[in-house]
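Notes follow once the structure below has been shown.
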Amino acid sequence: RVPEPSVYAWQDMLSFYIRNGQNGRAVSLYKKMENEGSYINKFIFTGALKACGALGTIVIGKEIHGKLIKSGCDYDPFVVSVLIDMYIKCDYLDEAWKVFDVYIFTSIHDKVVWSTMISGYAQSGQANTVLDLYRRMRGQGIVPNVITFTGLLTACSHSGLVDKGQMYFETIIMNHGIVPSLEHYTCMIDLFCRAGQFDKAIVMIKEMPFCADVAVWHAMLGSCQQRGNIEFGKL
């Protein structure tokens, strides 16, 4: 009912849709803005990119990428991270690499962009690429953050790299002074369960400074089902 909604009103509506999983509506709202010739800022562009990534709508995602290049926003680290994430979720990994390579050529020390690549490839199950990215990142003297380690532990979990996963988990505390989050513990529990090391998973659940949430128990149950472990499944 607003006669002439401001860019912030559009932005808030777009964010509201995305937060509530209404990605189709978010994309439709973006297209409505475009059709009406409304001013679109980088936050609306990136919001629409997130929605495109969730939906796998690569055509609109590429259109937005082109507009970001024209507007000169394609070197903003936040924008670059969202672009990379969108391409990876749409399974356009070569495009993600192009965006990443162009960006780090001028801004190599941005840990947010590196962490986005690591997280994205971890979700794609490409552990070797994740570990290589991490080595390159450390080789440039970039200090990893919480998101970096979540990506590393996820990659190790999906690929059954138990020893490496344990090493990185210990590195979080010993070398970087980061307090492991529930998400980090969940990754480790998932890692142990996938490897059939249920005893280690139970010990970690008992010793971690958090109450186990549904994600933890879901990881346990899924692995019990796959391995036919009835006793742990009952527990």
Side-chain angles (χ1 to χ4, degrees), residues 14-27 47 49-57 81-82 84-86 88-91 112 115-127 130-131 134 144-173 176-235:
L14 192 75
S15 298
F16 172 78
Y17 282 141
I18 293 167
R19 282 200 308 273
N20 288 278
Q22 300 288 321
N23 295 294
R25 287 188 172 186
V27 171
L49 282 173
K50 288 178 184 177
C52 288
L55 295 169
T57 313
S81 294
V82 177
I84 289 170
D85 186 58
M86 184 273 295
I88 291 174
K89 284 179 177 172
C90 290
D91 205 27
V112 175
S115 295
T116 301
M117 282 290 284
I118 286 171
S119 297
Y121 273 86
Q123 292 299 327
S124 297
Q126 301 199 31
V130 170
L131 299 181
Y134 180 69
N145 59 17
V146 172
I147 298 170
T148 313
F149 282 116
T150 301
L152 278 171
L153 295 177
T154 300
C156 291
S157 174
H158 289 179
S159 300
L161 303 174
V162 177
D163 292 339
K164 281 190 178 295
Q166 286 182 286
M167 179 191 74
Y168 288 129
F169 187 77
E170 291 166 5
T171 300
I172 295 174
I173 305 167
H176 300 288
I178 296 173
V179 178
S181 66
L182 176 58
E183 194 171 7
H184 292 139
Y185 280 101
T186 303
C187 287
M188 287 303 298
I189 292 163
D190 187 50
L191 170 62
F192 289 137
C193 289
R194 285 173 184 257
Q197 299 181 14
F198 293 100
D199 290 333
K200 287 186 177 181
I202 290 294
V203 169
M204 181 152 281
I205 288 171
K206 289 179 178 178
E207 292 182 351
M208 69 181 184
F210 304 99
C211 291
D213 66 358
V214 68
V216 170
W217 299 121
H218 188 270
M220 289 284 289
L221 280 170
S223 295
C224 288
Q225 181 185 29
Q226 289 172 1
R227 292 181 172 272
N229 194 322
I230 303 297
E231 291 310 308
F232 273 102
K234 286 180 179 179
L235 176 66

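Using a 4.5 Å heavy-atom threshold, the side chains of M208 and I189 count as touching. Here the side chains of L191 and L153 are not in contact, with every heavy-atom distance at 4.5 Å or above. Side-chain atoms of Q123 and I88, non-hydrogen and from C-beta on, never get closer than 4.5 Å to each other. Taking the side chain as every heavy atom from C-beta outward, K200 and V203 never approach each other to under 4.5 Å. Side-chain atoms of F198 and C224, non-hydrogen and from C-beta on, do get closer than 4.5 Å to each other.
The distance from the CG atom of D85 to the NZ atom of K50 is 8.5 Å, given to the nearest 0.5 Å. Between the CG atom in D199 and the CZ atom in F192 there is a gap of 11.0 Å [rounded to 0.5 Å]. Residue M188 holds its CE atom at 8.0 Å from CD of E170, rounded to the nearest 0.5 Å. If you take OG1 on T116 and CD1 on I147, they are separated by 7.0 Å, rounding to the nearest 0.5 Å. Atom CD1 of residue I172 and atom CE of residue M167 lie 11.0 Å apart, to the nearest 0.5 angstrom. To the nearest 0.5 Å, atom CG of residue L152 and atom OG of residue S115 are 9.0 Å apart.
Taking K164 as the reference, nothing meets the salt bridge (Lys or Arg N to Asp or Glu O under 4.0 Å) condition, with sequence neighbours excluded. The ring pair (Phe, Tyr, Trp, His ring centres under 6.0 Å) search around F210 returns Y185, not counting sequence neighbours. Evaluation of the ring pair (Phe, Tyr, Trp, His ring centres under 6.0 Å) rule for Y168 yields Y134 as partners, not counting sequence neighbours.
Put simply, the side chain of T148 gets close to the backbone of N145: a donor and an acceptor are under 3.5 Å apart.
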Identify all side-chain donor-acceptor contacts of residues 212-223 below 3.5 Å with residues at least two apart in sequence or on another chain.
| unit_1 | atom_1 | unit_2 | atom_2 | d |
| --- | --- | --- | --- | --- |
| D213 | OD1 | A215 | N | 3.2 |
| D213 | OD1 | V216 | N | 3.2 |
| S223 | OG | A219 | O | 3.2 |

Acceptor/donor pairs from residues 176-183 side chains to any protein atom, 3.5 angstrom cut, sequence neighbours excluded:
| unit_1 | atom_1 | unit_2 | atom_2 | d |
| --- | --- | --- | --- | --- |
| S181 | OG | E183 | N | 3.3 |
| S181 | OG | H184 | N | 3.3 |
| S181 | OG | H184 | ND1 | 3.3 |

Name every donor-acceptor pair, under 3.5 Å, that has one atom in a side chain of residues 228-235 and the other anywhere in the protein, sequence neighbours excluded.
| unit_1 | atom_1 | unit_2 | atom_2 | d |
| --- | --- | --- | --- | --- |
| N229 | OD1 | F232 | N | 3.1 |

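Taking each heavy atom of G47 and I18 in turn, the nearest pair found is O-CD1, 3.0 Å. Minimum interatomic distance between A26 and A51 (heavy atoms only, all atoms of both residues): CB-CB, 3.9 Å. Closest approach of M86 to C52, counting heavy atoms only: CG-CB, 4.2 Å. In plain terms, the two heavy atoms of L161 and A127 that are nearest each other are CD1-CB, 4.2 Å.
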Y17 and L14: CA distance, side-chain angles, deciding distance, side-chain contact (heavy atoms from CB on, under 4.5 Å) verdict: CA-CA 5 Å; Y17 282 141; L14 192 75; 5.6 Å; no

